[in-house]
Structure formats: C-alpha cells, structure tokens
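Note sheet for the following structure.
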Protein chains: 2
Amino acid sequence: MSGRPTILDVAERSGVSKSTVSSVIRGAVGVSPASQRRVLAAVAELGYRPNALARQLVLQRTSTIGVVVGDLANPFYGELVKLLERHAHEIGFTTAVSNTDGHADREAARIEALLEQRVAGIAMLQFSGDRAALDGLVAEGIPVAVVSSTDPRVDSVGVDERRGVALAVEHLLQLGHERIAYATSPLVDGRTNRARYETFLRAGATDAPLDEATAVVAANDIVAIELIDSLERAGRRVPDDVSVVGFDGIALGALSRIGLTTVAQPSEQLAAHGIRMLHERIEGAVDEPPRQLLLEPKLVVRTTTARKDR
Amino acid sequence: MSGRPTILDVAERSGVSKSTVSSVIRGAVGVSPASQRRVLAAVAELGYRPNALARQLVLQRTSTIGVVVGDLANPFYGELVKLLERHAHEIGFTTAVSNTDGHADREAARIEALLEQRVAGIAMLQFSGDRAALDGLVAEGIPVAVVSSTDPRVDSVGVDERRGVALAVEHLLQLGHERIAYATSPLVDGRTNRARYETFLRAGATDAPLDEATAVVAANDIVAIELIDSLERAGRRVPDDVSVVGFDGIALGALSRIGLTTVAQPSEQLAAHGIRMLHERIEGAVDEPPRQLLLEPKLVVRTTTARKDR
DNA sequence: ATGAAAGCGCTAACAC
DNA sequence: GTGTTAGCGCTTTCAT
C-alpha cells in the first residue's frame with residue numbers, strides 16, 4: 001500500500017471484502033455489528049478517506065455545484081457566493097467558483113471547464129452580454145438556476161426588477177425630481193440592465209443626460225457609490241444638487257458616511273431558494289417547466305436622496 | 001450510446017481505437033494526420049466532452065485547487081479569490097471555494113470535503129482560531145500555500161506585517177498621537193492578529209483603551225470603516241477627534257467620503273505568487289522547505305488621519 | 001450477511 | 001502509427 005489507503009486496504013485490514021467495507025462507509029443496512037466495528041476500526045487506524053472521484057465516476061454524478069459570477073469583488077456577489085456555498089455545503093455539495101468579469105469568452109471557457117468536471121448543476125449569478133451560453137446548458141439538460149436575476153429558460157430566483165426600479169423612481173418623483181438619469185457599468189448583467197432601464201422609462205422618469213439630471217438611479221450599489229464619488233469630485237453635492245439611489249443593498253451602503261438610499265435584495269433568501277431549486281432539479285425531484293421566483297425588493301431610504309431644490 | 005458520448009463512442013465513430021482517440025485529445029504526438037482528422041470530426045459530430053473525473057482518477061491527480069477563505073463578503077478577500085481563480089484558470093486549474101466564517105469546525109469540515117475531492121492543493125487565505133488544520137495537511141503532504149498571511153509550516157506569501165503596522169504607528173506618532181488603540185474583530189485571522197498586535201506594541205504605541213485613544217490602528221479596512229461609523233455615531237469626529245488607519249487597501253476605502261488612510265496589500269501579486277508557489281509544489285518542481293515570501297505593504301495616507309489637536 | 005466480478009471513462013505501457 | 005490490455009478506487013448486481 002503506497003500512497004493513500006484505498007477501500008481495499010481497509011478490507012484487508014479488517015478481514016472482510018471491499019463490498020462490505022463499501023456498505024459500512026455508505027451506511028448501508030445489512031452489515032453485522034461485528035464487521036461494522038472492525039471496518040470502522042480499520043478506517044480509523046489507516047486514516048482512510050473515501051475517494052470522491054472514484055465514487056462519482058461510478059455513480060455517474062458528482063456532488064459539486066458550479067457557481068458562475070461576474071464580479072466577485074463586488075461585495076453583493078461576494079456575500080451571495082458565500083451564502084450559496086453555505087447552503088450547498090449543508091446538502092453535501094462542494095462549490096466550484098468561476099469569475100467571468102463579464103466577458104462572454106471567459107464565461108464560455110469557465111462553463112466548459114465545469115462541464116468537463118461533470119458538475120451536478122450550475123448557479124449563474126450574472127451573465128456576460130450574450131446569453132448564448134445558457135442555450136447550450138439547457139440543450140444538454142444541465143440543471144441550472146439563475147440567482148438574483150431571471151431567465152425564462154431555466155429556474156430562477158430574483159427580485160422583482162420592475163417593482164424595484166419603480167420603487168426607486170417613485171421615491172424620486174415624490175421628492176420632486178423630474179430629470180432623472182440611469183447609470184450603469186459594463187459589469188452589470190445585460191438582461192438585468194435592460195429590464196431595469198425599460199422599467200425606469202415606464203415608471204414615469206424622463207430620461208435625462210447625467211449632467212442635466214437632478215437625480216439618478218444606478219444599476220447597482222457599486223455604480224451608485226462610485227457615481228457619488230465622481231459627482232462630488234466634480235463639485236456637485238449629493239443629495240443637495242443631485243440625488244442618487246442604488247440597487248442591491250450592500251452592507252457598506254449603510255455606513256453613515258455613505259448613507260446610500262437603495263433598493264435592497266434579500267440575499268439570504270436568494271441563496272436559499274437558488275440552492276433549493278437547483279437541488280430539486282439535480283435530484284430529479286421536479287419535472288416542471290422552468291420556475292420563476294420573484295421576491296420583493298425593499299426600498300431603503302437613507303441620505304443620498306433629498307427633495308429637489310430644498 | 002445513452003447519455004453523454006464517451007471516448008469509446010468517438011473511437012467507433014472514427015474507426016480507430018480508444019487509445020488513438022485519447023492521444024489526439026491529449027494532443028500527444030505520433031498520430032497520423034488522417035486519424036487525427038477523423039477523430040476530431042467525430043468529436044465535433046458527437047459533441048464529445050472529456051470526462052475529467054475519469055481522467056483524474058487514472059492520473060491520480062486532479063486539476064482543482066481548494067481555496068479556503070474566512071469571509072468572502074469582505075471585498076478584500078472577494079477580490080483576492082477572484083484573482084486566485086483567474087491565475088488558477090490560466091494554468092488549467094479549477095477552483096473550489098470554501099467559506100469558513102472563522103469557525104474552526106467549519107474550516108475542518110470544508111478541508112475534509114476538499115480532501116475527499118482529492119484537490120491538488122489548497123490556498124488558505126484566513127485561518128480560524130486554532131491552526132490545527134494545517135498540521136494535518138502538512139502531515140499528509142498536501143501542497144498548501146498561505147496567501148496574505150504567513151505560516152512557517154508551509155509556503156506563504158503575505159505582506160510584511162511588522163513593517164505594515166510599523167508604518168501605521170509611525171504615521172500616527174508623527175502626527176503627534178500618543179494614546180493609540182488597536183481594534184480587531186473575530187473574523188480576523190488569529191495569527192495575523194497576534195502578529196499585528198505585537199508589532200503594534202513594539203512600534204512604540206502606548207496601548208490605550210478605545211475610549212481614551214486619539215488614534216486607532218484597525219486590523220483591517222472593514223474593521224476600520226465600521227469603527228469610524230460607530231465612532232461618529234457616538235459623536236466623535238474622524239479625524240478631528242480621533243484618527244483611524246486601516247489595513248488591506250480595499251477599493252472602497254479610496255472613496256472621498258471614506259478617504260481611509262490604510263496600509264495597502266498588493267492583491268494582484270499576492271494572488272500571482274500564491275498560485276505560482278502552489279503550482280510548483282503540485283508539480284513537484286520544488287522540493288525545498290517552506291518558502292516565505294514577504295511583500296512590501298504601502299502606507300496610503302488619506303483623510304481619516306490628522307495631526308492631534310489640530 | 002458477505003464476497004466475486006463487472007464496469008464507470010479514461011491513460012499508459014506494451015505489443016504489433 | 002495503432003490496438004490491446006490492465007488498471008485508477010469505487011458501487012452494485014448476483015451468487016452463495
């Protein structure tokens with residue numbers, strides 16, 4: 001026995017066959033207490049650790065979930081991934097994380113790698129510009145769950161975008177703002193962006209160029225915070241000269257120095273439902289068409305928004 | 001052929017043996033252009049995708065790197081993990097991320113799971129209180145690299161803690177501060193914390209209780225930012241009444257509203273060296289005792305520190 | 001209750 | 001240059 005001990009080493013050591021060892025390790029029934037004891041002893045003595053690779057190869061299914069995220073450095077996604085990992089671990093799954101930086105080619109490469117690893121399913125948090133990648137996954141029947149965004153082709157759990165943007169616009173309208181701008185960045189998921197922008201227009205906002213606006217709705221908190229920074233560096237005060245509302249609800253936004261008014265997403269629930277849905281698909285427990293879960297966003301009013309010309 | 005096509009299906013389809021197929025897929029030399037062409041055609045037609053599980057089982061080594069992090073929601077680590085994933089992907093490795101929230105039991109459970117998956121190596125970014133886990137890994141000969149911290153038992157790349165803290169304390173001393181406090185949180189790696197605190201004392205700081213201090217050195221930027229927040233909510237102004245310096249250099253600290261004076265770590269280099277060292281161990285390219293790489297931290301002076309009693 | 005044997009998809013000698 | 005074969009470590013019938 002060179003290298004790590006295998007199930008065969010345990011079998012020899014305990015004087016039973018490897019199938020018996022396999023049974024006790026898997027906790028199968030129908031093993032005499034005597035062999036059970038001896039096997040367990042041998043496992044401990046040898047420091048045996050089951051080889052998940054071999055197990056998954058014969059079982060034809062792995063216990064790893066792929067997580068595809070656009071920008072892990074954005075604390076909203078950092079936290080979301082952290083929560084996803086926690087929930088995945090709870091049901092016995094390992095998490096393979098891929099960061100795409102919003103590039104379609106990287107996204108494709110990462111997904112291909114995950115597929116070669118035969119991940120049991122994939123949680124997509126942000127997409128690159130084109131969503132072609134999803135078609136491939138759907139065509140191959142890979143369980144996929146979109147988390148914190150939505151897509152009709154697969155299970156998804158997100159916040160009601162329209163409701164969220166409407167909340168932001170209404171808030172601004174009530175404060176007397178008329179010229180409102182929409183600010184985004186390349187790192188924001190394409191579809192999410194489009195949905196938010198459309199609703200932005202429908203909600204009654206009169207789309208204004210950034211330099212003429214008295215208020216702006218940002219695609220996410222990071223964009224909002226950076227916008228405030230550049231606005232202020234350019235001499236425009238927030239919220240006195242211009243109001244800003246973000247989207248996501250990152251923890252840092254609550255700092256009194258930032259005081260970001262924002263539309264908050266319930267990350268914990270997003271993660272919990274995302275993993276649950278994915279798990280159900282993986283287990284084949286549900287056979288329905290794609291399920292869309294829309295959670296309620298919440299407007300958190302702080303100090304980056306104020307009445308116009310106060 | 002039910003389910004995904006295997007190397008055998010490709011072999012049949014192209015009229016060669018599976019070893020030939022294996023050769024062209026691995027890009028081995030000594031395959032006639034003719035078979036090469038036919039195999040490639042079959043691969044495309046069948047939509048064949050190599051099974052990494054099978055490959056890794058026979059090769060006795062995987063191409064996945066485990067990343068153990070304390071708090072992925074902390075943007076410093078979010079970014080670091082993102083960079084590690086990028087570098088790992090560049091050398092053909094997949095990344096399995098585990099978040100421990102600083103709990104020793106979770107850390108142990110995550111590491112155990114990674115080991116069952118037979119990860120090729122592990123990058124540890126933060127430790128729980130006890131560092132017992134590392135001993136196990138070292139004993140088993142698992143390649144490990146500690147990133148953004150240090151540990152004499154394994155390869156590690158971090159910033160010179162003493163130098164960093166000294167930089168912070170000197171800065172404060174020069175500004176006329178005498179009563180300086182050290183602030184930390186449970187999420188900060190134990191050893192890191194200890195090292196920083198010791199140096200803090202040696203650097204000439206007269207350790208003062210938080211409510212008597214005119215300046216404070218925080219264990220990391222998040223602690224610093226939250227501290228500033230609670231200080232200001234309690235009516236103490238920063239930097240007028242109390243100066244604060246952080247550690248890490250997260251992007252958000254540069255916002256003019258925060259303007260955090262901090263000791264910055266070079267994340268990109270940390271990630272690059274971390275993966276490189278780990279890779280070298282995995283490949284068995286280096287057989288030396290643990291290597292300790294100490295990078296230079298950089299004091300970034302912004303607006304949370306000021307002369308005492310100005 | 002337990003063991004023997006086949007095989008998951010692949011690589012790597014080793015023959016031809 | 002190409003095919004045959006023997007495993008990698010495990011699960012799972014199927015006998016006994």
Side-chain angles (χ1 to χ4, degrees), chain A residues 1-40 42-43 46-64 92 113 115-120, chain B residues 1-40 42-43 46-64 92 94 113 115-120 140:
Chain A
M1 171 193 123
S2 70
R4 297 211 59 80
T6 74
I7 201 173
L8 212 83
D9 299 312
V10 177
E12 271 180 23
R13 176 106 185 184
S14 49
V16 299
S17 75
K18 57 177 189 155
S19 12
T20 300
V21 175
S22 175
S23 294
V24 357
I25 286 170
R26 292 179 347 246
V29 294
V31 181
S32 75
S35 347
Q36 177 116 2
R37 215 174 23 69
R38 308 182 58 193
V39 168
L40 257 23
V43 164
L46 260 30
Y48 169 75
R49 176 153 36 222
N51 185 327
L53 249 42
R55 169 164 231 271
Q56 295 169 347
L57 178 60
V58 51
L59 251 30
Q60 295 276 58
R61 62 198 198 82
T62 65
S63 54
T64 112
L115 259 22
E116 292 193 358
Q117 303 283 349
R118 296 297 190 268
V119 293
Chain B
M1 170 194 124
S2 70
R4 294 212 60 80
T6 74
I7 202 172
L8 214 82
D9 298 311
V10 177
E12 270 180 25
R13 175 106 185 184
S14 49
V16 300
S17 77
K18 57 177 191 157
S19 24
T20 300
V21 175
S22 175
S23 294
V24 357
I25 286 170
R26 291 178 349 246
V29 294
V31 182
S32 74
S35 352
Q36 177 117 0
R37 214 174 23 71
R38 306 183 58 191
V39 168
L40 258 23
V43 164
L46 261 29
Y48 168 75
R49 176 153 35 224
N51 184 326
L53 248 43
R55 169 165 230 271
Q56 295 170 347
L57 177 60
V58 52
L59 251 29
Q60 296 277 56
R61 63 201 203 81
T62 65
S63 55
T64 112
T94 282
L115 259 22
E116 291 193 358
Q117 303 283 347
R118 296 298 191 268
V119 291
E140 305 203 40

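Order of the sequence lines fixes the chain letters, A, B, ..., with proteins taken first and strands second; residue numbering starts at 1 for each chain.
- For the pair A:Leu59 CG and D:dG9 P, the interatomic distance rounds to 17 Å; values are reported in whole Å.
- Applying the side chain to side chain contact (heavy atoms under 4.5 Å, CB included) criterion to B:Ala113, with sequence neighbours excluded, gives A:Thr94.
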I'd like a list of close polar pairs between nucleotides 1-4 of chain C and the protein, N/O only, cut-off under 3.5 Å.
from: C:dT2; atom 1: OP1; to: A:Ser32; atom 2: OG; distance (Å): 2.9
from: C:dT2; atom 1: OP1; to: A:Ser35; atom 2: OG; distance (Å): 2.6
from: C:dT2; atom 1: OP2; to: A:Ser32; atom 2: N; distance (Å): 2.9
from: C:dT2; atom 1: OP2; to: A:Ser32; atom 2: OG; distance (Å): 3.4
from: C:dT2; atom 1: OP2; to: A:Ser35; atom 2: OG; distance (Å): 3.1
from: C:dG3; atom 1: OP2; to: A:Ser17; atom 2: N; distance (Å): 2.6
from: C:dG3; atom 1: OP2; to: A:Ser17; atom 2: OG; distance (Å): 3.0
from: C:dG3; atom 1: OP2; to: A:Thr20; atom 2: OG1; distance (Å): 2.9
from: C:dG3; atom 1: N7; to: A:Ser19; atom 2: OG; distance (Å): 3.4
from: C:dA4; atom 1: N6; to: A:Ser19; atom 2: OG; distance (Å): 3.0

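- Other residues, nucleotides and ligands contribute over 12 non-hydrogen atoms within 6.0 Å of the CZ atom of B:Arg49.
- For C:dG7, neither phosphate oxygen OP1 nor OP2 lies less than 4.0 angstrom from any side-chain nitrogen or oxygen of A:Gln60.
- Note: CG (A:Leu57) to C1' (D:dC10) measures 8 Å, nearest angstrom.
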Throw together a table of side-chain donor-acceptor distances under 3.5 angstrom for residues 50-60 of chain B, partners on residues two or more places apart or in other chains.
from: B:Asn51; atom 1: OD1; to: B:Leu53; atom 2: N; distance (Å): 2.8
from: B:Asn51; atom 1: OD1; to: B:Ala54; atom 2: N; distance (Å): 3.2
from: B:Gln56; atom 1: NE2; to: B:Ser63; atom 2: OG; distance (Å): 3.1

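- Between B:Ile25 atom CD1 and C:dG9 atom C1' there is a gap of 11 Å when expressed in whole angstrom units.
- When the C1' atoms of four end pairs are superposed on the next four at each end of the helix from C:dA1-D:dT16 to C:dC16-D:dG1, using five pairs per end, the two resulting axes differ in direction by 40°, to 10°.
- Summarising the geometry, the separation between CD on B:Gln117 and C1' on D:dC10 is reported as 14 Å, rounded to the nearest angstrom.
- Applying the 4.0 Å criterion to OP1 and OP2 of C:dG9, one finds that B:Arg4 has every side-chain N and O outside that range.
- Using a distance-only test at 3.5 Å, with no hydrogens or angles considered, a donor-acceptor pair links the side chain of B:Arg4 to the main chain of B:Gly47.
- A donor-acceptor pair under 3.5 Å is formed between the side chain of A:Ser23 and the backbone N or O of A:Ser19.
- Checked by atom type and distance alone, the side chain of A:Thr62 pairs as donor or acceptor with a backbone atom of A:Ala120 at under 3.5 Å.
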Detail all sub-3.5 Å separations between protein N/O atoms and N/O atoms belonging to nucleotides 14-16 of chain D.
none

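- Using a 4.0 Å heavy-atom criterion, one finds that B:Arg26 contacts the sugar-phosphate atoms exclusively.
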For a quick test of your reading: what N or O donor-acceptor pairs under 3.5 Å do the side chains of residues 31-39 of chain A make, sequence neighbours left out?
from: A:Ser32; atom 1: OG; to: A:Ser35; atom 2: N; distance (Å): 3.2
from: A:Ser32; atom 1: OG; to: A:Ser35; atom 2: OG; distance (Å): 2.5
from: A:Arg38; atom 1: NH2; to: A:Ser14; atom 2: O; distance (Å): 3.2

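- Here the P atom of nucleotide D:dC8 and the CG atom of B:Asn51 are 18 Å apart, to the nearest Å.
- The distance between atom CG of B:Leu8 and atom P of C:dG7, rounded to the nearest whole Å, is 12 Å.
- Atom CG of A:Leu8 sits about 10.0 Å away from atom OH of A:Tyr48, to the nearest 0.5 Å.
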